[in-house]
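When reading the values below, keep in mind they use all heavy atoms of this one structure, side chains included, and skip hydrogens, waters and symmetry mates. Source: prediction; values computed, not measured. One-based numbering, in listed order, for ligands and for the atoms of each.
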Amino acid sequence: MDCPDFIHSQVCLKSYNTWKVGGQADYLVEPSSLEQLQKALAWAQKQNLPLCILGDGSNVLLSDKGVEGLVVVLKKLASVESYMQNGHLKVEAMAGASKAEALKLFLKHKLSPALFLTGLPGNIAGGVVMNAGVGESRVPREFCEIVEWVDVLRLDSLKVERVLSENIDWSYRSSLGWQPGVIVKVGMSWPLSPEHPDIMLEIKKATRQRILKQPINQPSCGSVFRNPKPQSSGALIEGCGLKGFSIGRAQVSTKHANFIVTSEGALATDVDQLVQHVQKTVKSHHGINLHPEFVYLGRW
Ligand SMILES: Cc1cc2nc3c(=O)[nH]c(=O)nc-3n(C[C@H](O)[C@H](O)[C@H](O)COP(=O)(O)OP(=O)(O)OC[C@H]3O[C@@H](n4cnc5c(N)ncnc54)[C@H](O)[C@@H]3O)c2cc1C
């Protein structure tokens with residue numbers, strides 16, 4: 001099948017996700033402009049290909065059998081800008097901008113979103129889709145608190161439509177109501193006062209805590225399971241003696257039991273089998289069902 005030269009075929013996906021696993025994308029595009037994204041989507045539609053969107057791949061498990069159709073990676077659409085309006089700092093970020101870039105703009109004004117964004121991997125659109133957030137009781141602690149609107153490229157019209165945050169159904173690690181489409185830009189807003197004078201110290205403290213408690217130097221997708229409140233998944237898994245347990249090249253982290261880490265050569269099926277083993281063991285020990293926080297993508 002002929003495709004435009006900016007679309008590539010049979011692309012290995014291991015470097016496109018933080019677990020470093022998965023097969024090939026049938027086709028992959030990393031658009032460097034909105035126009036290029038529109039052209040790629042129009043081409044995929046003409047060929048009747050399904051679409052799979054990837055941010056930084058820090059919350060997905062990509063199948064070893066690969067991903068059907070066109071994979072769209074938005075990392076190159078990454079500009080961020082800010083301005084002040086009506087006593088608020090407004091931050092507008094293209095979908096592929098990293099959370100760290102947005103953090104810097106809030107930090108310049110010593111505003112508390114900088115603290116919540118500390119240590120959150122992935123890009124801005126991925127943060128919106130997953131309503132990413134932190135466990136600590138901070139304000140803000142989830143994306144839904146800072147997002148004002150999202151610009152969505154509609155698949156039917158290939159036009160951009162703005163969806164206001166109030167029309168999005170936000171819940172724990174999920175956002176609904178903006179679909180179907182590709183999030184291309186996100187508008188965030190936070191009051192310019194009060195400032196947070198000690199924010200740099202708090203950011204350093206939060207970073208130290210993450211380094212201490214999480215295996216951030218090993219490939220992972222962060223927390224694997226949602227916490228079945230009031231219980232914590234990590235404590236339940238650790239209680240079953242599963243810390244360090246491995247299948248193939250996937251292991252329940254020895255540092256934090258709710259993280260699964262992989263080593264060189266790991267397969268997505270190693271991760272998937274370990275996920276299922278942990279679920280079965282926790283169910284038989286504690287009678288509790290654990291539900292994954294990450295998203296399965298590709299041919300499962
Ligand atoms: C070490 C580590 C620590 C982590 N800590 C946390 C944490 O504290 N809190 C937390 O909430 N998460 C955490 N995570 C998980 C993850 O980083 C977040 O969920 C993040 O927001 C996902 O962003 P991403 O760009 O990687 O999205 P991806 O993983 O690439 O995608 C996630 C989902 O969004 C969809 N998607 C992505 N971009 C778009 C778009 N532009 N339009 C439409 N759909 C799109 C994808 O199809 C997929 O379904 C952690 C991960 C790691 C590896």
Side-chain angles (χ1 to χ4, degrees), residues 13 16-22 25 30-31 34 37 41 50-62 67 69-78 93-102 115-136 138 140-144 147 150-155 160 163 168 170-186 206-207 209-211 213-227 234 253 255-256 258-262 271 292-298:
L13 289 167
Y16 289 93
N17 69 97
T18 55
W19 254 323
K20 307 288 175 208
V21 298
E30 291 191 62
L34 189 58
L37 171 62
L41 297 190
L51 212 61
C52 171
I53 305 147
L54 270 187
D56 266 2
S58 66
N59 220 11
V60 295
L61 184 58
L62 300 173
V67 179
L70 179 66
V71 174
V72 178
V73 179
L74 289 160
K75 280 183 196 175
K76 287 187 184 163
L77 293 180
M94 292 302 284
S98 70
K99 295 182 181 74
E101 286 303 313
L115 181 55
F116 131 82
L117 290 166
T118 297
L120 282 187
N123 66 33
I124 289 292
V128 170
V129 179
M130 303 307 301
N131 190 17
V134 292
E136 296 87 346
R138 292 190 181 128
R141 63 187 293 207
E142 289 183 323
F143 257 75
C144 58
V147 172
V150 296
D151 278 351
V152 180
L153 182 64
R154 294 289 176 211
L155 302 182
V160 175
V163 182
I168 296 177
W170 300 97
S171 58
Y172 181 77
R173 302 298 173 260
S174 156
S175 67
L176 296 169
W178 56 265
Q179 299 91 340
V182 181
I183 295 179
V184 290
K185 197 172 181 181
V186 178
T207 307
Q209 284 300 312
R210 275 201 186 246
I211 293 170
K213 291 185 177 166
Q214 302 179 356
I216 56 170
N217 294 324
Q218 290 173 282
S220 82
C221 81
S223 294
V224 173
F225 300 105
R226 291 158 179 250
N227 288 323
S253 166
K255 210 167 185 181
H256 190 314
N258 198 23
F259 277 57
I260 286 179
V261 295
T262 57
V271 176
E293 210 167 279
F294 64 87
V295 182
Y296 282 86
L297 293 179

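Of the N or O atoms in N131, none lie within a sub-3.5 Å distance of an N or O in ligand 1. Looking at ligand 1, you'll find an N or O of G55 within less than 3.5 Å of one of its N or O atoms.
Under the ring-ring contact (aromatic ring centres under 6.0 Å, His included) criterion, Y16 pairs with no residue, sequence neighbours left out. Not counting sequence neighbours, the partners of K185 by the salt bridge (charged side-chain N to carboxylate O under 4.0 Å, His left out) test are E92.
Among all protein heavy atoms, the one lying closest to atom 1 (C) of ligand 1 is S220 OG, 3.8 Å. Scanning the protein heavy atoms around atom 9 (N) of ligand 1, the nearest turns out to be G133 O, 2.6 Å. Nearest to atom 5 (N) of ligand 1 among the protein's heavy atoms is R210 NH1, 3.3 Å.
Only one option out of V152, L41, D151 pairs with V182 in a side chain to side chain contact (heavy atoms under 4.5 Å, CB included); it is L41.
When all heavy atoms of W19 and V224 are compared, the pair lying nearest together is CZ2-CG2, 4.2 Å. In terms of heavy atoms, I183 sits closest to A125 at CG2-CB, 3.9 Å. Pairing each heavy atom of V67 with each of G298, the nearest pair is CG2-CA, 3.8 Å.
Using a 4.0 Å cut-off to heavy atoms of W178, the atoms of ligand 1 that qualify are 43 (C), 44 (N). Within the listing of ligand 1, atoms 2 (C), 3 (C), 4 (C), 50 (C), 51 (C), 52 (C), 53 (C) sit less than 4.0 angstrom from a heavy atom of G222. When each atom of ligand 1 is checked for a heavy atom of K99 under 4.0 Å away, the hits are 20 (C), 21 (O), 23 (O). Contact atoms of ligand 1 toward A125: 40 (C), 41 (N) (distance under 4.0 Å to a heavy atom of the residue). Each of the following atoms of ligand 1 lies closer than 4.0 Å to a heavy atom of G127: 21 (O).
Residue contact annotation: W19 has no non-hydrogen atom under 4.0 Å from ligand 1.
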